[in-house]
Visitor: 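Here it is: the structure, laid out below.
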Amino acid sequence: MRSGKVKEEEVLVSSISDNKMAKQIQARRLEGVDKNIWVDLVGLAAQYKTVNLGQGFPDFPPPHFVREAFAKAITEEPHELNQYTRAFGHPKLVQNLAKLYGQLLVQDLDPFCNVLVSVGAYGALFCAFQAFVDEGDEVIIIEPFFDCYEPMTKMAGGKCVYIPLRPKPTDEGESMTSENWRLDTSELAAKITKQTKILVLNTPNNPLGKVFSREELEEIADICVKHNVICFSDEVYEWLVYDGNQHVRIASLPGMWERTITIGSAGKTFGATGWKVGWALGPDNLLQHLRTVHQNSIYHCATGAQEAVAQGFQVELERLGKADCYFVQLRGALQKKRDLLHRCLSEVGMKPVKPQGSYFMMADISDFKTEVPPPSDPSVSYDYHFVKWMMIHKQLSAIPISAFCSTEHKNLFQNFIRFCFVKEDSTLESAEKILKNWKTDLKL
């Protein structure tokens, strides 16, 4: 019976392919979002056995207390934690999230109405885009942007409206930081139309590492309130802010709680990206629509992982802001790794942009065009060409920044590439060795 069924399916597929009058098989929502450079770059990194500073995940383990909690959750009796839990979030987890973020947002959060747990921040973002973006709605995206915002907008039927961050000139000899990159709020205000429905904010920003200041966020908030725009605030790197900078949550500003969906991630919070536990916070009248999408698509997240994250937050709630707080310790450790990579990239002749936050550091490669001439194919951006060259010839991987911007603004970013510094010291030491040898070759 099985072989007969397979043959019937093959005949059906063949008839569809051969029938010139047949409608296209794939849905229109997939048009223009099917290509993904990550597949190509990840394959090249594996092929050339590169030191991987491209992909944004730690190569060191999560803290022991959350790993132990996960192991106990799925191995010890009773075994209920291997089964379904509450669809919109494990009760213990949403209660701890409500307690923590209630303090941070100065809101009385109902764990069962103001918190939704989804399959990573990615899942929470997908639910948000599907819940609010309709055919023809305009979504404002600040560049450079985390690359899923664009396809999620398009798949929902929306129109992307892009506005780039632009660097302010620096004095001679002064290193550039992510703070130098600014949003022109008058340009933002000019982008608002009757069709504008959503503004997507990412702070700290991936790939730039910019932490938006309170003053910048207040200007954005004023525009959102004035024009009745909903804000999706992607804050997955909220605990990774360096040099004494402060992460300000836009939902805490006047008039913004009622129009903001705040996105968070256990993967980034506890360095456990493979667990895929994320959440959305917001008023019930907005979050109810995310719950509708969630229950009809994702439905449920791994119970054991949610239990482990819940216990992790329970531990951190008791020592929040203290010297033994994991968030404080992680921030200090990553700032040292950031500074090491910044020095190494500077010594080889790149111009790194020191990030105020996140996992990532951008570097200007415009001075390398003698050693690595631009591609002959004008359709290939210089950063993509350079990254491939670096993987093949230097066994070091990074990500082109053109992957994080619109076609119309690629020329603004094609001289930059992104490195991830959230790696084991041994990984960064291997990268440092490559860069030192490169420096010797260049006779710097």
Visitor: Identify whether NZ of Lys or CZ of Arg in Arg338 sits under 6.0 Å from the centre of the six-membered ring of Phe421 and within 45° of that ring's axis.
Guide: no

Visitor: Going through the distances and angles, do Lys159 and Thr153 end up as a side chain to side chain contact (heavy atoms under 4.5 Å, CB included)?
Guide: CA-CA 7 Å; Lys159 175 187 176 183; Thr153 298; 6.0 Å; no

Visitor: Looking at Asn206 and Arg418, what are the two nearest heavy atoms and their distance?
Guide: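 In terms of heavy atoms, the two residues are closest at OD1-NH1, 2.9 Å.
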
Visitor: So, Thr303 versus Thr85: side-chain donor-acceptor pair below 3.5 Å or not?
Guide: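 No, no side-chain donor-acceptor pair sits under 3.5 Å.
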
Visitor: Answer yes or no: is there an ion pair linking Glu31 with Lys154, defined by an N-O contact shorter than 4.0 Å?
Guide: no

Visitor: Supply the atom-to-atom distance Ile417 CD1 to Met362 CE, rounded to the nearest 0.5 angstrom.
Guide: 10.5 Å

Visitor: For the atom pair CG (Leu53) and CE (Met390), what is the distance rounded to the nearest 0.5 Å?
Guide: 8.0 Å

Visitor: With the side chain counted from C-beta on, respond yes when Ser397 and Tyr48 share a heavy-atom pair under 4.5 Å apart, and no when they do not.
Guide: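 The answer is no; the side chains never approach within 4.5 Å.
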
Visitor: Report the C-alpha distance between Glu219 and Arg214 in whole Å, list the side-chain angles of each, state the deciding distance to 0.1 Å, and finish with yes or no for salt bridge (charged side-chain N to carboxylate O under 4.0 Å, His left out).
Guide: CA-CA 9 Å; Glu219 290 181 329; Arg214 178 176 294 275; over 6 Å; no

Visitor: Around atom CD of Gln246, are there more than 12 heavy atoms from other residues, nucleotides or ligands closer than 6.0 Å?
Guide: no

Visitor: Please check if the number of heavy atoms outside Arg343 that lie under 6.0 Å from its CZ is greater than 12.
Guide: yes

Visitor: Take atom CG of Asp108 as the centre, draw a 6.0 Å sphere, and report whether it contains more than 12 heavy atoms from other residues, nucleotides or ligands.
Guide: no

Visitor: Nearest heavy-atom pair of Leu287 and Leu116: which atoms, and what distance?
Guide: CD2-N, 3.8 Å

Visitor: Quick one: are Val241 and Pro204 in side-chain contact, heavy atoms under 4.5 Å?
Guide: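 Val241 reaches Pro204 side chain to side chain.
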
Visitor: Which word best sums up how the rings of Phe145 and Tyr162 line up, parallel for under 30°, tilted for 30 to 60°, or perpendicular for over 60°?
Guide: parallel

Visitor: Can any side-chain N or O of Gln335 pair as donor or acceptor with the backbone N or O of Asp243 at less than 3.5 Å?
Guide: yes

Visitor: Establish, yes or no, whether the cationic atom of Lys423 lies under 6.0 Å from the six-membered ring centre of Phe60 and within 45° of the ring axis.
Guide: no

Visitor: Please round to the nearest 0.5 Å and tell me the distance separating atom CD of Glu235 and atom CG of Leu281.
Guide: 8.5 Å

Visitor: Can Arg291 and Asp284 be counted as an ion pair, charged N to O under 4.0 angstrom?
Guide: yes

Visitor: Please determine, by modelled atom types, if Asn114 and Tyr101 share a side-chain donor-acceptor pair under 3.5 angstrom.
Guide: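 Tyr101 and Asn114 do not have a side-chain donor-acceptor pair below 3.5 Å.
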
Visitor: Evaluate Phe112 against Phe88 for ring-ring contact (aromatic ring centres under 6.0 Å, His included), listing each step before the verdict.
Guide: CA-CA 8 Å; Phe112 303 107; Phe88 303 128; over 10 Å; no

Visitor: Quick one, Asp147 and Glu150 - any side-chain contact, counting heavy atoms below 4.5 Å?
Guide: no

Visitor: Quick check: closest heavy atoms across Pro144 and Pro207, and the distance to 0.1 Å?
Guide: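 Looking at all heavy atoms of both residues, the closest pair is CB-CD, 3.6 Å.
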
Visitor: Does the distance from a Lys or Arg side-chain N to an Asp or Glu carboxylate O, for Lys439 and Glu432, drop under 4.0 Å?
Guide: no

Visitor: Report the C-alpha distance between Phe313 and Trp279 in whole Å, list the side-chain angles of each, state the deciding distance to 0.1 Å, and finish with yes or no for ring-ring contact (aromatic ring centres under 6.0 Å, His included).
Guide: CA-CA 13 Å; Phe313 276 119; Trp279 51 85; 5.6 Å; yes

Visitor: Decide whether Asp377 and Ser379 meet the rule of one side-chain donor and one side-chain acceptor closer than 3.5 Å.
Guide: yes

Visitor: Please step through ring-ring contact (aromatic ring centres under 6.0 Å, His included) for the pair Tyr149 and Phe232, ending with a clear verdict.
Guide: CA-CA 10 Å; Tyr149 305 153; Phe232 295 167; 9.0 Å; no

Visitor: For Glu174 and Asp171, indicate whether the former's side chain and the latter's backbone hold a donor-acceptor pair under 3.5 Å.
Guide: yes

Visitor: Are Tyr237 and Phe360 side-chain neighbours, meaning at least one heavy-atom pair lies under 4.5 Å?
Guide: yes

Visitor: For Leu165 versus Phe212, what's the shortest heavy-atom pair and its separation?
Guide: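 So the minimum-distance heavy-atom pair works out to CD2-CZ, 4.2 Å.
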
Visitor: I want to check something: taking the side chain as every heavy atom from C-beta on, are Ser430 and Thr427 in contact at a cut-off of under 4.5 Å?
Guide: no

Visitor: Can you spot which of Tyr384, Tyr382, Trp438 makes a ring-ring contact (aromatic ring centres under 6.0 Å, His included) with Trp389?
Guide: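 With Trp389 as partner, ring-ring contact (aromatic ring centres under 6.0 Å, His included) holds for just one option, Trp438.
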
Visitor: From Lys194 NZ over to Ile192 CD1, what is the distance, rounded to the nearest 0.5 angstrom?
Guide: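 Rounded to the nearest 0.5 Å, the NZ-CD1 separation comes out at 14.0 Å.
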
Visitor: Output the distance between atom CD1 (Ile250) and atom CG (Leu217), rounded to the nearest 0.5 Å.
Guide: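 Result: 5.0 Å between the selected atoms.
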
Visitor: Please step through salt bridge (charged side-chain N to carboxylate O under 4.0 Å, His left out) for the pair Lys336 and Asp425, ending with a clear verdict.
Guide: CA-CA 10 Å; Lys336 291 177 181 177; Asp425 288 345; over 6 Å; no

Visitor: Side-chain contact test, heavy atoms from C-beta onward, threshold under 4.5 Å: evaluate it for Ile230 versus Leu199 and give yes or no.
Guide: no

Visitor: Do the side chains of Lys433 and Glu429 get close enough for a salt bridge, i.e. N-O under 4.0 angstrom?
Guide: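 Answer for the salt bridge query: no.
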
Visitor: Run the ring-ring contact (aromatic ring centres under 6.0 Å, His included) check on Phe57 and Trp275 step by step: do they pass?
Guide: CA-CA 12 Å; Phe57 61 83; Trp275 293 8; over 10 Å; no

Visitor: Of the options Val161, Thr196, Val133, which is the one that meets Val139 in a side-chain contact (heavy atoms from CB on, under 4.5 Å)?
Guide: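 Result for side-chain contact (heavy atoms from CB on, under 4.5 Å) with Val139: Val133.
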
Visitor: Could you state the interatomic distance from CD1 (Ile261) to CZ (Arg259), rounded to the nearest 0.5 Å?
Guide: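 If I round to the nearest 0.5 Å, the distance is 12.0 Å.
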
Visitor: Taking only Lys NZ, Arg NE, NH1 and NH2, and the carboxylate oxygens of Asp or Glu, determine whether Lys197 and Asp134 approach each other closer than 4.0 Å.
Guide: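 Answer for the salt bridge query: no.
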
Visitor: Taking atom NZ as the centre, does Lys99 end up with more than 12 heavy-atom neighbours from other residues, nucleotides or ligands that are less than 6.0 angstrom away?
Guide: no

Visitor: Might you point out which heavy atoms bring Pro352 and Met361 nearest each other, and give the distance in Å?
Guide: CB-SD, 3.7 Å

Visitor: Scan side-chain atoms only and decide if Gln356 and Ser178 contain a donor-acceptor pair under the 3.5 Å cut-off.
Guide: yes

Visitor: Between Ser186 and Asp184, is there a side-chain donor-acceptor contact under 3.5 Å, judged purely by atom types and distance?
Guide: yes

Visitor: Given the rule in the side chain to side chain contact (heavy atoms under 4.5 Å, CB included) test, do Leu201 and Asp234 qualify, once you have shown the distances and angles that lead to the verdict?
Guide: CA-CA 6 Å; Leu201 174 70; Asp234 182 350; over 6 Å; no

Visitor: Does this structure show an ion pair linking Lys210 with Glu216, if we count only N-O contacts that are shorter than 4.0 Å?
Guide: yes

Visitor: For Gln395 and Ile434, work out which heavy atoms get closest and say how close.
Guide: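 Smallest heavy-atom distance, with atoms named: O-CD1, 3.5 Å.
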
Visitor: Looking at Glu238 and Lys268, does any basic side-chain N land under 4.0 Å from a carboxylate oxygen?
Guide: no

Visitor: Any chance the side chains of Gln288 and Asn285 put a donor and an acceptor closer than 3.5 Å?
Guide: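 Result is no, nothing qualifies.
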
Visitor: Report yes if the distance between the aromatic ring centroids of Phe368 and Phe386 is under 6.0 Å, otherwise no.
Guide: yes

Visitor: So that I can tick it off, tell me whether Lys351 and Asp367 are bridged by a salt bridge, with the cut-off set at under 4.0 angstrom between side-chain N and carboxylate O.
Guide: yes

Visitor: Using ring centroids (six-membered ring only for Trp), state whether Phe416 and Trp181 fall under 6.0 Å.
Guide: yes

